[in-house]
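Before any comments, here is the structure.
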Protein chains: 2
Amino acid sequence: MKKATIKDVARESGLSLGTVSKYLNGSRGVKQANQIKIKQAIANLRYSPDEYARGLITNKTKTIGLVIPEFNNLFYAQLASELELAIGSEGYTVVVCESFYDTEREKKNLLWFASHRMSALVVVPCGKNAENYDYLKSIDIPIIFLDQYIAGLNYEFVLVNNREVCETCIEYLLDNGHRDILMVVAPKGLYTSDERVNGYYDAYENRGLNVNEDLIMRVEENIDKAYYCIKKKLQETRCTALFAANFPNTFGSIFTINELKISIPDDLSFVGFDDMMLTKLFRPKLTMIDQPIAEIAMFAKRRIFELMLQKNFEYRITKLNCSFLVYDSVKDIRVK
Amino acid sequence: MKKATIKDVARESGLSLGTVSKYLNGSRGVKQANQIKIKQAIANLRYSPDEYARGLITNKTKTIGLVIPEFNNLFYAQLASELELAIGSEGYTVVVCESFYDTEREKKNLLWFASHRMSALVVVPCGKNAENYDYLKSIDIPIIFLDQYIAGLNYEFVLVNNREVCETCIEYLLDNGHRDILMVVAPKGLYTSDERVNGYYDAYENRGLNVNEDLIMRVEENIDKAYYCIKKKLQETRCTALFAANFPNTFGSIFTINELKISIPDDLSFVGFDDMMLTKLFRPKLTMIDQPIAEIAMFAKRRIFELMLQKNFEYRITKLNCSFLVYDSVKDIRVK
DNA sequence: ACCTAAAAATAAAACGTTTCACTTCTAAGG
DNA sequence: CCTTAGAAGTGAAACGTTTTATTTTTAGGT
């Protein structure tokens, strides 16, 4: 069945194009009697407006495009969900794509969104430097980056206090007598990794201790790779504590711990990143750094709507606070 | 900066609209020299075509809309990822929305996709009966349902052999001496739950045993609710085996098992549903039913492309096979 | 040089809406 | 019964493309 157009509705209801359009956009200034006729006609023809034609002329779509690395990373999945809930409640639609950590795919997705006149773009970027994002210059809608900061890019950034919370965490481990703390983190050049590593150094410095760089390991954001590398490293390195500094590494650590039958916290103390139900899933309960996902979503939403009202976008950089949740996976090994 | 249009490119390159358009759509029949001019102009103006105008006239968007219940359910998240990868490789874009198990939101999302002229629609439906989907009749593009069957709806369905694989699973438990098998499954009326429960009955019947209906518990698809209900039930019911018949219940079971310090398989035998890395995460390795997610995605992709070529859609119903993976979480309790 | 056929370029129509400047209708006030 | 202002309705233009029928250019053969 061919899709009905507004012209069909006009003919069927015996009214003009303009009147039907007026009805569709708020029905102010259309007679009661005619409103009924139009309603009837629409029902008969199963008419629904073509958003392509509408968007073409209004230039507004009430839709927001979101690009995240992948759904399989529960941190991003949950962030996407929260955003969809927050923004959806305002009558906006959120559509999501994955970049799979590939800047080309990310670009393709963002340009798809842009050429479909999204009202705003939200992205958890996977590129490392500003040149990767040159193509955004031709896009005339608000753009919001989440999670990762990219130097030299003048857009909105919503971040967390990676450095400070890691500093707190490592200080806690040091204060419990740990000296050989293995940190597993995403590759160099990513804002979050670099900041988290900086926090590690800060803590050691605060306590007047020297960092053994060999204990900082970089692994791509992939659970399987994390599992493999952590297993290998744990077998060949002496350490009393393990700090997994992102979600895939936390998962990978737990796989390894199970596989090698390591007893937490007796054989090894452990701190993870991104709660994601993991504290409930594992026994004993895991000490964790937890990102304020709901807060990030709410804040991003607020900024999106503020930016959409502006003519010239005034972008800001914001850092929200993570929680350091102390449970039972770290042992006090100080000699008394 | 105002976005450049094809007219600007035409002016800048000193050529006509039609020529530029020809260039954009394959550049056959445009002089080498002029191709260069156009390329230049496009680069200068940072021009990119407006897909709204283009879609309006071509009626083709090379985009597929996908609606799933939620990203937080790793089974759906992974299904979405696989689909995006499979379909993306053909030059199509996949955009995703969540329904949050709400038929109204599902409807809104599907209609959004339809009015944006998606080339096809894919949905893991959350509605229980055909009336919920009346509105689809006005949509003239191929529609593919995944995971859930809904009686009376003439669309493409890609399902799995829920009943048979559960039959196998329960037979295995019975053959290991278990008689009081607690099954936790999603609410009545959902195709997957009902089929899985049917498999439970089949197995008991095959072994000439009677089902204790009290041991079949229905819980909404929500990890927290699953956790709460399973904990309560386990404390007040005698059973030697627990069969969690979907992803949230599997997760919820593991939370409970940890919380109550139940030892698997000595205190209780356990079988879960939807592998999702869980066999690696838990010790001992869990016996599981695993859905062929990649296969579902590949098959769905094939059907999508077949359907898009047809004039009148010839829909089919397909069932793919799950695996029953035996590991170490079920104890043989037969008296020898 | 001239003719012709093929190749390239063009201009106008079409897609399905909203918007805007008009026209027509309605009802209240004199 | 006439006037008039406000409400309701109308039809054409516009949005940025592709498509088409048509015109212009190019190049090959005599």
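Because only heavy atoms are used, hydrogens play no part in the values below, and waters and symmetry mates are left out as well, while side chains stay in. Note on naming: letters A, B, ... go to the chains in the order of the sequence lines (proteins, then strands), and numbering restarts at 1 for each one.
- Residue B/Tyr23 has no polar side-chain atom (N or O) positioned under 4.0 Å from OP1 or OP2 of C/dT10.
- At the heavy-atom level, A/Leu15 lies under 4.0 Å from the strands shown only through sugar-phosphate atoms.
- Ring geometry, A/Phe71 versus B/Phe71: the interplanar angle falls under 30°, so the pair is classed parallel (tilted spans 30 to 60°).
- A/Lys3 and A/Ser48 form a side-chain donor-acceptor contact under 3.5 Å, judged by distance and modelled atom types alone.
- When heavy atoms are screened at a 4.0 angstrom cut-off, A/Thr5 is found touching the sugar-phosphate backbone but no base atom.
- Per the geometry, CD1 belonging to A/Ile6 stands 12 Å off C1' belonging to C/dT19, to the nearest Å.
- Separating the CZ atom of B/Arg54 from the P atom of C/dA14 is a distance of 22 Å, rounded to the nearest angstrom.
- Position along DNA chain C of the nearest nucleotide to B/Arg117 versus B/Gly14 favours B/Gly14 as the more 5'-ward residue.
- In this structure, CG of A/Leu45 is placed 15 Å from C1' of C/dG16, rounded to the nearest angstrom.
- We find that NZ of A/Lys7 is positioned 8 Å from C1' of C/dC15, with the value rounded to whole Å.
- Set against C/dT26, D/dT17, C/dT17, the side chain of A/Pro49 has C/dT17 as its closest nucleotide.
- Distances were taken from every side-chain heavy atom of B/Ser16 (C-beta onward) to each of C/dT10, C/dT17, D/dG16; the shortest belongs to C/dT10.
- The side chain of B/Thr19 contributes an N or O atom lying less than 4.0 Å from OP1 or OP2 of C/dT10.
- Among the candidates A/Glu82, A/Glu156, A/Glu90, the single residue satisfying the salt bridge (Lys or Arg N to Asp or Glu O under 4.0 Å) test with A/Lys301 is A/Glu90.
- For the pair B/His116 NE2 and C/dT17 P, the interatomic distance rounds to 12 Å; values are reported in whole Å.
- Taking the six-membered ring for Trp and thresholds of 30 and 60 degrees, A/His116 and A/Trp112 have nearly parallel ring planes, at less than 30 degrees apart.
- Between B/Leu17 atom CG and C/dT10 atom P there is a gap of 10 Å when expressed in whole angstrom units.
- For B/Lys22, taking side-chain heavy atoms from C-beta onward, the closest of the listed nucleotides D/dT10, C/dT10, D/dT17 is C/dT10.
- Between the side chain of A/Glu12 and the backbone N or O of A/Ile42 there is no donor-acceptor pair closer than 3.5 Å.
- The CZ atom of A/Arg11 sits 16 Å away from the C1' atom of D/dG11 (whole-angstrom rounding).
- Distance from the side chain of A/Leu56 is smallest for C/dG16 among the nucleotides D/dT17, C/dG16, C/dT19.
- Per the geometry, CG belonging to B/Asn59 stands 17 Å off P belonging to D/dT17, to the nearest Å.
- Toward the 5' end of DNA chain D, the nearer of the two residues B/Lys31 and B/Tyr47, judged by each one's closest nucleotide, is B/Tyr47.
- Note on A/Ser21: a base of the nucleic acid sits closer than 4.0 angstrom, heavy atoms only.
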